[in-house]
J.: 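To start, I am sharing the structure in question, which I have written as structure tokens.
None of the values given here were measured: they were computed from a predicted structure. Protein chains get the first letters and strands the later ones, always in sequence-line order, with residue 1 at the start of each.
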Amino acid sequence: MPLGGIIFLTIFIAIFGTFLIFLARAIGGQRKDNSAVKRDIYECGIPSQDKKESRISVKFYLTAILFILFDIEIIFMYPWALSFRDFIANGAGTPVLISMGIFVAIFVYGLWWEVKSRALEWD
Amino acid sequence: MDSVSSEGLSLITNVGLNHYLVLSTALFCLGLIGVLLRRNAIVMLMSIELMLNAVNISFIAFGKYNNNIDGQIMVFFVMTIAAAEAAVGLALAVSIFKRFKEVNIRFFEHLRG
Amino acid sequence: MGNDIFEITVNSVKLIVVFLLMVQAVPILVWLERRGSAFIQNRFGPNRVGPLGLLQLLADAVKFITKEDFAPDKAIRKLFYAAPVFALIPATLAYAAIPMSLPFIVPAFEMFGSSWGPYKFLVQGYEIGVGIVFILGVSSLAAYTILMAGWGSGSKFSLLGALRASAQVISYELALGLSIVGVILLYGTFSLSDMILAQQGPLQFVAFGYTVTSAVSWIPNWGIFYQPVGFVLFFAAAFAESNRLPFDLAEGEAELVAGFHTEYGGFKMLMFFIGEYGHMMIASGLATTFFFGGYGIPGITPAELQQVILSWGFSEAAAGGLNSLIHFLSYNVKFAIFLWIFIQVRWTLPRFRYDQLMDLGWKTMLPWALANTVVTAIAIYVVTL
Amino acid sequence: MTADAFLFWFLAITTIAGGITVVSVANPIYAALSLAFTMVSVAAVFVTLEAYFVAGVQLIVYAGAVMVLFVMVLMLFDLKHELEAFARGKVSGAIKLLTAGLLGGLLIGAIAYSPEGSKIAVGANQVAVAGDPTKNLGYRLFTQHIFAFEALGVLLLVIAVGAVALSRSKGGTHGQR
């Protein structure tokens with residue numbers, strides 16, 4: 001596993017990227033009229049009213065939580081998928097298939113419950 | 001004199017089980033300090049994740065140096081529990097934040113029951 | 001990275017070449033996209049600058065470099081500048097892990113007075129034993145660059161765009177991961193080069209004890225014939241991973257203007273493009289490797305091709321080189337076909353609404369990917385009984 | 001200075017530096033991003049320990065999912081730079097630091113003086129499937145640890161239901177509003 005190569009590539013890209021940004025910054029130059037309006041955030045021209053309480057819907061974090069849980073269930077499938085053929089070759093195919101069937105049944109029930117309880121409804 | 005330097009040098013060149021255990025202890029203590037010192041509930045959860053990662057390193061180090069793969073399987077399970085704990089912990093923190101508009105430890109005393 | 005100086009230098013230079021290959025491919029893809037979309041919409045597209053508008057890429061690059069580097073006041077400078085640089089890293093790390101051709105064998109030779117032994121260089125960034133898991137892990141880091149850009153720009157709208165884009169990338173990573181389980185079941189390995197070796201030769205499989213070989217010899221033993229549903233799911237999820245239309249909710253909405261990269265201009269914007277096209281290239285490379293035999297040529301295995309080239313009178317080393325060159329071209333042909341499909345779909349399909357997009361991800365693609373895995377497992381179980 | 005020793009020391013330094021930034025930086029978003037960086041360097045440490053599949057899983061599960069949840073939650077809360085990020089009280093802070101340091105010292109002392117030779121019974125019961133260590137992991141997962149595997153499936157289902165129920169409560173644990 002060429003870890004040296006991966007670290008070398010990451011460091012190279014980090015340096016390459018920052019170099020490019022500073023190069024563009026140097027070549028780009030600086031316009032004179034650096035007015036406040038220009039430095040304001042782009043809101044289609046309307047002066048941005050930063051409301052006190054920015055009510056961003058909290059639905060996003062629920063998706064992230066469900067993503068973690070279902071992602072772990074998928075990660076458990078990788079070693080199973082890898083060694084499934086060896087299990088069959090050793091004759092132990094059926095119990096492994098049944099145990100994975102139970103695991104997938106739980107996965108499906110969890111997904112079905114999420115859909116039924118409208119947890120993933122988007123406004 | 002040279003025995004110390006050669007022993008010291010060999011300590012640096014060939015990396016053994018103890019090196020990984022010391023690294024894991026250092027990370028564990030960092031996580032512990034984080035839990036003790038920080039006031040924000042979410043940063044405490046992060047420090048707990050850091051401690052769990054330290055435990056994972058020592059699991060795998062023992063697994064490798066005794067060539068027993070149960071260490072990796074245990075890390076598998078520790079990761080699942082840690083992710084589940086982070087999910088529930090953050091769900092709790094969000095519901096508390098909705099109520100108290102603040103995620104500091106001081107507000108946890110207001111919970112009744 | 002190799003055990004002596006020569007090998008280390010060649011490998012590091014190869015890594016840089018792979019990175020530059022990806023960075024250079026982006027202007028070509030932009031040009032292809034602009035001319036392709038023009039061709040679809042019955043207009044010419046860029047043809048003023050240079051022949052067929054090819055120098056347009058140079059003009060764009062110069063324009064991007066000479067733009068004023070600008071950050072809004074409310075932006076958090078550190079994250080604002082870190083996001084574009086971080087956009088390149090996951091894309092390149094994953095792209096460098098995809099095998100592009102046969103390993104290239106250099107015979108022993110004399111240089112600087114000492115003899116350097118025979119080397120075997122891989123025509124890819126690096127060979128990873130757990131190929132797929134590494135690529136999935138690295139490309140799941142792409143959500144950070146979106147969140148950093150959204151939060152770094154300081155404005156509510158770019159934050160909302162970043163949250164929507166990362167929620168979309170996350171949801172479709174599930175379907176991507178599940179469709180890959182079917183592929184692992186099929187080949188029984190994580191490493192991509194083993195998969196390509198498994199896909200060589202004519203279409204044949206072992207069923208109920210005896211091997212079934214296809215009558216037509218040039219139909220290759222590719223993954224698409226075993227996993228058609230897996231391919232459709234993988235490719236659709238790959239569209240969503242790289243925020244390509246019809247899944248580009250991040251910057252498509254009217255009120256979101258350009259989503260998480262609203263405040264970016266000039267060269268930083270180009271780096272986000274390189275990241276996005278990088279993910280597109282990874283998806284095409286993986287689709288070729290999983291389902292279309294990677295660098296394999298239908299009807300002829302690399303060993304037979306080697307004999308054919310030797311019969312043309314080349315020396316051993318040159319024949320090996322030519323052989324891996326031909327396979328490199330065959331990989332690039334399939335790679336280009338997939339990239340063209342990405343572009344073609346962008347200019348033909350309308351954009352999804354956000355809730356349709358999330359429903360599709362969670363309620364249709366995930367169950368389908370699960371069903372595909374279950375069916376593949378039962379099929380393998382029954383067939384190899 | 002062999003290559004993998006250099007790699008170990010490089011990764012040890014990046015991991016510890018990441019850990020220190022997580023604990024010491026005041027703004028929680030920078031803490032979350034540096035923890036994500038620490039997770040990636042811990043995944044690299046796993047690679048030096050030849051646990052390739054677990055390193056990949058660490059990248060996917062920890063760095064790719066858990067930390068994204070942390071960053072998303074922090075961004076949803078619009079948490080600005082906190083003034084009192086650290087617990088007040090110099091004396092209690094010093095005591096806490098002292099106890100953590102003491103624990104660390106004890107552990108490192110125990111590690112240093114434990115006899116290197118005492119190898120725990122080398123994995124005798126290793127029915128190793130040929131070659132690929134990950135196949136071996138899958139093999140043991142389904143022969144030795146089958147119960148834990150099913151129990152975790154149920155646990156994940158319970159957590160999914162719990163998280164949705166928690167997020168639906170009208171704020172506060174008693175939902176009085």
Side-chain angles (χ1 to χ4, degrees), chain A residues 1-2 4-6 8-10 12-14 16-18 20-21 23-25 27-31 36 38-44 48 50 54 56 59-60 63-64 66-67 70-71 74-75 77-78 81-82 84-86 88-89 93-94 97 100-101 104 107-108 111 114-115 120-123, chain C residues 1 11-12 15-16 19 65-69 72-74 81 84-85 88-89 92-93 96 125-129 133 153-157 159-160 163 167 170-171 173-174 177-178 181 184-185 188-190 257 262-263 266-268 271 354-355 358 362-363 366-367 370 373-374 377 380-381 384:
Chain A
M1 170 75 160
I6 297 168
F8 168 76
L9 192 56
T10 332
F12 173 75
I13 298 168
F16 184 78
T18 39
L20 280 183
I21 283 195
L23 183 76
R25 208 173 157 76
I27 296 178
Q30 188 72 14
R31 286 280 305 189
K38 172 179 165 190
R39 288 199 311 276
D40 200 352
I41 295 161
Y42 178 73
E43 300 213 346
C44 317
S48 68
D50 197 356
S54 67
I56 294 180
K59 206 50 107 196
F60 297 118
T63 321
L66 294 181
F67 166 64
F70 290 127
D71 206 11
I74 290 174
I75 293 294
M77 286 193 192
Y78 283 166
L82 202 63
F84 188 52
R85 282 173 182 263
D86 291 308
I88 295 174
T94 344
L97 188 67
M100 202 53 196
V104 166
F107 184 121
V108 164
L111 195 59
E114 295 304 325
V115 168
L120 292 162
E121 282 315 308
W122 287 89
D123 39 20
Chain C
M1 277 276 282
N11 278 340
S12 13
L15 279 175
I16 296 175
F19 169 61
I65 289 244
T66 51
K67 265 196 173 170
E68 182 201 2
D69 191 35
D73 271 356
K74 282 210 187 103
Y81 285 103
V85 175
L88 302 174
I89 296 180
T92 321
L93 285 183
Y126 31 69
E127 172 56 33
I128 303 238
V133 177
S153 320
S155 90
K156 227 169 20 317
F157 286 111
L159 178 60
L160 188 60
L163 287 172
I170 279 182
S171 322
E173 221 171 287
L174 284 178
L178 257 178
V181 170
I184 302 173
L185 267 172
T189 165
F190 281 145
V257 178
T262 324
E263 305 300 333
F267 201 77
K268 300 193 287 297
M271 288 167 106
Y354 196 70
D355 55 344
M358 296 306 267
W362 284 91
K363 293 179 183 140
L366 198 49
L370 212 56
T373 316
V374 167
I380 289 176
Y381 178 70
T384 50

J.: Just give me the residue among A:Thr10, A:Ile21, A:Thr18 that pairs up with chain C most often, heavy atom to heavy atom, under 4.5 Å.
T.: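 The answer is A:Ile21.
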
J.: To the nearest 0.5 Å, what is the distance between CD1 (C:Ile170) and CG (C:Leu163)?
T.: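 The CG atom of C:Leu163 is 10.0 Å from CD1 of C:Ile170, to the nearest 0.5 Å.
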
J.: Which one of C:Thr189, C:Ile89, C:Leu185 has the most heavy-atom pairs closer than 4.5 Å to chain A?
T.: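 Going by pairs under 4.5 Å, I would pick C:Leu185.
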
J.: Within the distance-only criterion (no hydrogens, no angle test), does the side chain of C:Tyr126 pair as donor or acceptor with the backbone N or O of C:Asn11 below 3.5 angstrom?
T.: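 It does not hold such a pair.
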
J.: Which atoms of A:Phe67 come close to chain C, meaning under 4.5 Å heavy atom to heavy atom: side chain ones, backbone ones, both, or neither?
T.: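 For A:Phe67, backbone and side chain are both near chain C.
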
J.: Quick check for you: among A:Leu23, A:Ile75, A:Thr94, which has the greatest number of heavy-atom pairs under 4.5 Å with chain C?
T.: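 If we count pairs closer than 4.5 Å to chain C, A:Thr94 comes out on top.
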
J.: For the atom pair CE (A:Met100) and OH (C:Tyr381), what is the distance rounded to the nearest 0.5 Å?
T.: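 It comes to 15.5 Å.
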
J.: Going from CG on C:Leu93 to CG on A:Leu9, what distance comes out if it is rounded to the nearest 0.5 angstrom?
T.: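 Going from CG on C:Leu93 over to CG on A:Leu9, the span is 5.5 Å.
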
J.: Side chain, backbone, both or neither: which part of A:Leu66 has an atom under 4.5 Å from a heavy atom of chain C?
T.: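 Both parts, heavy atoms under 4.5 Å.
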
J.: Side chain, backbone, both or neither: which part of A:Arg25 has a non-hydrogen atom closer than 4.5 Å to chain C?
T.: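 For A:Arg25, backbone and side chain are both near chain C.
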
J.: I want to check something: taking the side chain as every heavy atom from C-beta on, are C:Ile16 and A:Phe12 in contact at a cut-off of under 4.5 Å?
T.: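 C:Ile16 vs A:Phe12: side chains touch.
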
J.: Are the side chains of A:Val104 and C:Thr373 in contact, using a 4.5 Å heavy-atom criterion?
T.: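 The answer is no, as the side chains (C-beta and beyond) never meet within the 4.5 Å cut-off.
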
J.: Can you tell me which portion of A:Leu82 sits under 4.5 Å from chain C's heavy atoms? Options are side chain, backbone, both or neither.
T.: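 Backbone plus side chain of A:Leu82, per the 4.5 Å heavy-atom cut-off to chain C.
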
J.: Need one label for C:Leu370: side chain, backbone, both or neither, based on atoms under 4.5 Å from any heavy atom in chain A.
T.: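 Just the side chain, heavy atoms under 4.5 Å.
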
J.: Top residue by heavy-atom pair count (under 4.5 Å) with chain A, among C:Leu174, C:Val374, C:Val181?
T.: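 The candidate making the most pairs under 4.5 Å is C:Leu174.
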
J.: So which part of A:Phe84 gets closer than 4.5 Å to some heavy atom of chain C, the side chain, the backbone, both or neither?
T.: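 Contact with chain C: side chain only.
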
J.: Would you mind reporting whether C:Leu178 and A:Phe70 have side-chain heavy atoms less than 4.5 Å apart?
T.: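 In short, these two side chains do not touch, never coming nearer than 4.5 Å.
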
